[in-house]
Amino acid sequence: MKKFYFLFSLLSLFIINVHAQTPPKRELRAAWLSTFLNLDWPSTSGRTVQQVKDSVTKLLIMHRQTGINALYVQVRSECDAMYPSSIEPWSSAVTGVQGTPPANGFDPLQFVIDECRRLGIEVHAWLNPYRAVNNFNNIANYAATHVAKIHPEWLLAQGTLRILDPGIPEVRDYVINVVTDILRRYDVDGIHFDDYFYPYPSAGGTPTPPRFNDNATFAAYPRGFTNQNDWRRDNINLLIQRTYDSIKVIKPWTKFGVSPFGIWRNQSSDATGSATNGLQSYSDVFADSKKWIEQGWVDYLTPQIYWSIGFTVANYSILVPWWNSNANNRHIYAGQAAYKVNADADANWNNPSQINNQVRLNRTYNQVYGSCFFRTRNFALNPLFFRDSLMQYVYTKPALLPAMPWRDNIAPQPASNLTVSITGNSVQLNWSKSPATTNESDKVRQYVIYRFNTSTINLNDVNALQYITPNDATATYTDADLAPGTYYYVVTALDRFHNESVASNTADATIIATSVLSPELTALNLKNYPNPFSSSTVISYELVKPMQVTITLHDVNGKELKRLVAEKQPAGKQIITLDAAQLPAGIYYITLKTNTFSRTIKLSAVK
């Protein structure tokens, strides 16, 4: 595909011609939001509460516009908390001082949950289970209530790194207590552990320090093991199993997953391993992720396959099929290295299509149900315009999240009484919500709108999927800028595990040609989403044949602010991503002209 990039200083516009691909109906499209060392959010510690709120809202809107439908939000990175906790001190990422709460009773985790609910993004609370002190040279800056100061006997040292010793039974109890506290107090969709179990060989400072010594713990709590490495793996296994069991008891509608290192074992170490030659989570951090999924102790794994297609030591195109073949009917979501785009010694990451090609590869394997990208800041930086490309080439349709039938396979009650009303070339849909229920697993979380060109209703037709409501608060949707013809609509309901109801009644609407002057205009379908918008909006249209196109942006007085497009464009779907960060709030107009017709739509910028 040929791409054309145009940068405009006034509004920092990025424009790209595309030919859309049909994505799967169900797909996890996630990103990690890191709070450790203020990597993603808050961008700096000590910001005002309003600044912290505004910054995360901006990031979440960016994700929503890209097509992201789930977020792994880091709430515990060093035995601290991004929420008020009676167990662990406030994270220094919030105010700059560990243990110091933000002003006005602000709860960052609850705010993120609320904003994600508003935008239709699933929230997984991401915890580092064992890391206690990243650099022990800074221990004086840690709160007096931090576990490293209350229970120094629980710490396992490697260089300047301190982790909670996984072999101590009280440590497992402590971590489980943190997890269950979050579960009981917050409406998260999932609990997520990252890959930091026992220390990586290179962790703990420079030069690389000697490995940790847990001989005393092994002697005190052997549990019948004679092989210390097997005992270490079992320590982690016990935590994983207990976490999953606790979740299912306390909130059976909450998911559990882990993002282990991308290589379990190399074939040179184990014939069932992958054809790779890298570090091995099984023997280097004692994480037996293959066993977790074999035993059904997790709902999903997000292996961190942070290498390119073509990288010889650990090839993405080798690891994805390996994980697919070891999924055991649970979900595999590929962890993808957005942070390496145009920023790695491996030249494959200089290819603007590397991320897209990885997503396309994921989709060829039936147990790989999506992607999670590390990390959010790299989405905002958008190197090589990879985020724009992702949105415009592969995330061209909204996606339902994958269902988990081993947890819940009962569909919610459907919506009903679907009606339509026609105004010009727009159709407004209204429906009655699904009946209320006290069963949390069966409560409706979202509605899905489908539009068909014939009376045959096929919910597996991805092209018919028009919109997924952010939540269950709305029971209306407007389908705008339709060409003349008859359309058939249905609505379905989704529950917490994304089981989909049967379709509502079918409602049809006929748009009559009144002011259409050319066949080209009937296929134009000029529209933008979202509208109103804050930081950016996506303008799309379709051409039935190649033609000269001019697109201009005007203010409410008709003054032309910028000529966005002035070129001959190919047939097919076209998309413009408008970054309007410098655009004042107000009403604006986009006008598209060809040699035979023109069309204008109204845009509303809010700040």
Side-chain angles (χ1 to χ4, degrees), residues 18-30 63-70 119-122 189 255 299-300 302 320 324 327 329-334 356 358-373 390-412 414-415 418 429 431 434 444-472 477 479 487-504 506 529 538 540 573 575:
V18 303
H19 300 278
Q21 293 185 346
T22 301
K25 176 179 174 177
R26 291 182 180 269
E27 186 173 50
L28 179 100
R29 303 169 179 175
H63 279 322
R64 167 76 177 182
Q65 292 170 350
T66 304
I68 296 299
N69 55 20
L119 294 168
I121 298 173
E122 191 170 83
D189 298 296
K255 305 172 184 179
D299 294 310
Y300 67 85
T302 308
V320 166
N324 179 77
N329 295 314
R330 295 296 167 99
H331 290 176
I332 298 295
Y333 309 135
N356 283 7
Q358 291 183 0
V359 174
R360 293 186 182 102
L361 179 66
N362 297 344
R363 290 173 174 176
T364 65
Y365 293 96
N366 62 359
Q367 299 296 307
V368 180
Y369 287 89
S371 307
C372 187
F373 301 96
L390 185 70
M391 174 174 60
Q392 296 163 12
Y393 284 88
V394 295
Y395 288 171
T396 55
K397 280 286 193 178
L400 283 68
L401 283 158
M404 294 182 170
W406 61 91
R407 295 293 304 274
D408 175 40
N409 62 359
I410 300 174
L418 177 64
L429 282 67
W431 60 89
S434 304
V444 170
R445 295 297 295 271
Q446 294 171 293
Y447 293 99
V448 186
I449 293 89
Y450 295 86
R451 183 186 72 209
F452 301 90
N453 294 324
T454 72
S455 59
T456 300
I457 305 302
N458 176 12
L459 297 184
N460 292 319
D461 182 359
V462 176
N463 290 318
L465 201 165
Q466 298 301 308
Y467 186 67
I468 303 172
T469 65
N471 48 57
D472 66 334
Y477 171 72
D479 197 12
Y487 300 97
Y488 301 84
Y489 295 91
V490 297
V491 173
T492 62
L494 301 175
D495 65 18
R496 293 198 69 133
F497 275 107
H498 308 283
N499 297 300
E500 186 175 21
S501 74
V502 299
S504 67
T506 302
Y529 176 81
V538 176
S540 64
K573 186 174 182 178
I575 295 178

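Along the sequence shown, the residues carry numbers beginning at 1.
Listed here is the closest heavy atom pair of Val502 and Thr492: O-CG2, 3.9 Å. Closest non-hydrogen pair, Pro23 versus Arg29, comes out as CB-NH2, 3.7 Å. When all heavy atoms of Val444 and Pro412 are compared, the closest pair comes out as CG2-CB, 4.0 Å. Residues Lys397 and Asn463 approach most closely at NZ-O, 3.1 Å, considering heavy atoms. Of all heavy-atom pairs between Ser434 and Ala415, the closest is OG-N, 3.5 Å. Smallest separation of non-hydrogen atoms from Ile121 and His63: CD1-CB, 4.4 Å.
A donor-acceptor pair under 3.5 Å is formed between the side chain of His331 and the backbone N or O of Ala403. Distance alone, capped at 3.5 Å, places no donor-acceptor pair between the Tyr467 side chain and the Pro398 backbone. Thr454 places a side-chain N or O within 3.5 Å of a backbone atom of Thr456 that can act as its donor or acceptor partner. At distances below 3.5 Å, not a single donor-acceptor pair connects side-chain atoms of Arg445 with backbone N or O atoms of Asp495.
How far CZ of Arg330 is from CE of Met404: 8.5 Å, rounded to the nearest 0.5 Å. Atoms CG and CZ, on Asp461 and Arg451 in that order, are 11.0 Å from each other to the nearest 0.5 Å. Met391 contributes atom CE, which lies 11.5 Å from atom OG1 of Thr396 (distance to the nearest 0.5 angstrom). For the atom pair CD1 of Ile68 and SG of Cys372, the computed distance is 8.0 Å after rounding to the nearest 0.5 Å. Note: Arg496 CZ to Glu122 CD = 8.5 Å, rounded to the nearest 0.5 Å. Between atom CG of residue Leu429 and atom OH of residue Tyr489 there is a gap of 6.0 Å, rounded to the nearest 0.5 Å.
A 4.5 Å side-chain heavy-atom check between Ile332 and Asn324 finds every atom pair outside the cut-off. Taking 4.5 Å as the limit, some side-chain heavy atom of Glu27 sits within range of a side-chain heavy atom of Val359. Side-chain contact between Tyr369 and Leu28: absent, with no pair of heavy atoms (C-beta onward) separated by less than 4.5 Å. The side-chain heavy atoms of Ile468 and Asn69, taken from C-beta on, include no pair separated by under 4.5 Å. Taking the side chain as every heavy atom from C-beta outward, Asn362 and Val320 approach each other to under 4.5 Å. Side-chain contact between Leu459 and Val490: present, with at least one pair of heavy atoms (C-beta onward) separated by less than 4.5 Å.
Asp189 and Lys255 are not joined by a salt bridge, as no carboxylate oxygen comes within less than 4.0 angstrom of a charged side-chain nitrogen.
By the side-chain hydrogen bond (donor to acceptor under 3.5 Å, both in side chains) test, Gln65 is found to be paired with Ser536, residues two or more places apart in sequence or in another chain being considered. Partners of Tyr529 under the side-chain hydrogen bond (donor to acceptor under 3.5 Å, both in side chains) rule, at least two apart in sequence or in another chain, are Arg64. For the salt bridge (charged side-chain N to carboxylate O under 4.0 Å, His left out) test, residues two or more places apart in sequence or in another chain that qualify with Arg407 are Asp299.
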Check step by step if side-chain contact (heavy atoms from CB on, under 4.5 Å) holds for Leu494 and Gln446. CA-CA 5 Å; Leu494 301 175; Gln446 294 171 293; 4.1 Å; yes

side-chain contact (heavy atoms from CB on, under 4.5 Å) between Gln358 and Phe373: does it pass, once the steps are laid out? CA-CA 11 Å; Gln358 291 183 0; Phe373 301 96; over 6 Å; no

Please evaluate residues Gln367 and Asn329 with respect to the criterion side-chain contact (heavy atoms from CB on, under 4.5 Å), reporting the C-alpha separation (whole Å), side-chain torsions for both, the decisive distance (0.1 Å), and the verdict. CA-CA 7 Å; Gln367 299 296 307; Asn329 295 314; 4.1 Å; yes

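When each of Ile449, Thr469, Val491 is paired with Tyr477, the side chain to side chain contact (heavy atoms under 4.5 Å, CB included) condition holds for Ile449 and for no other.
Ring orientation note: the planes of Phe452 and Tyr450 are close to parallel, at an angle under 30° on the 30°/60° scale.
Between the side chains of Tyr487 and Asp479, no donor-acceptor pair is found at a separation under 3.5 Å.
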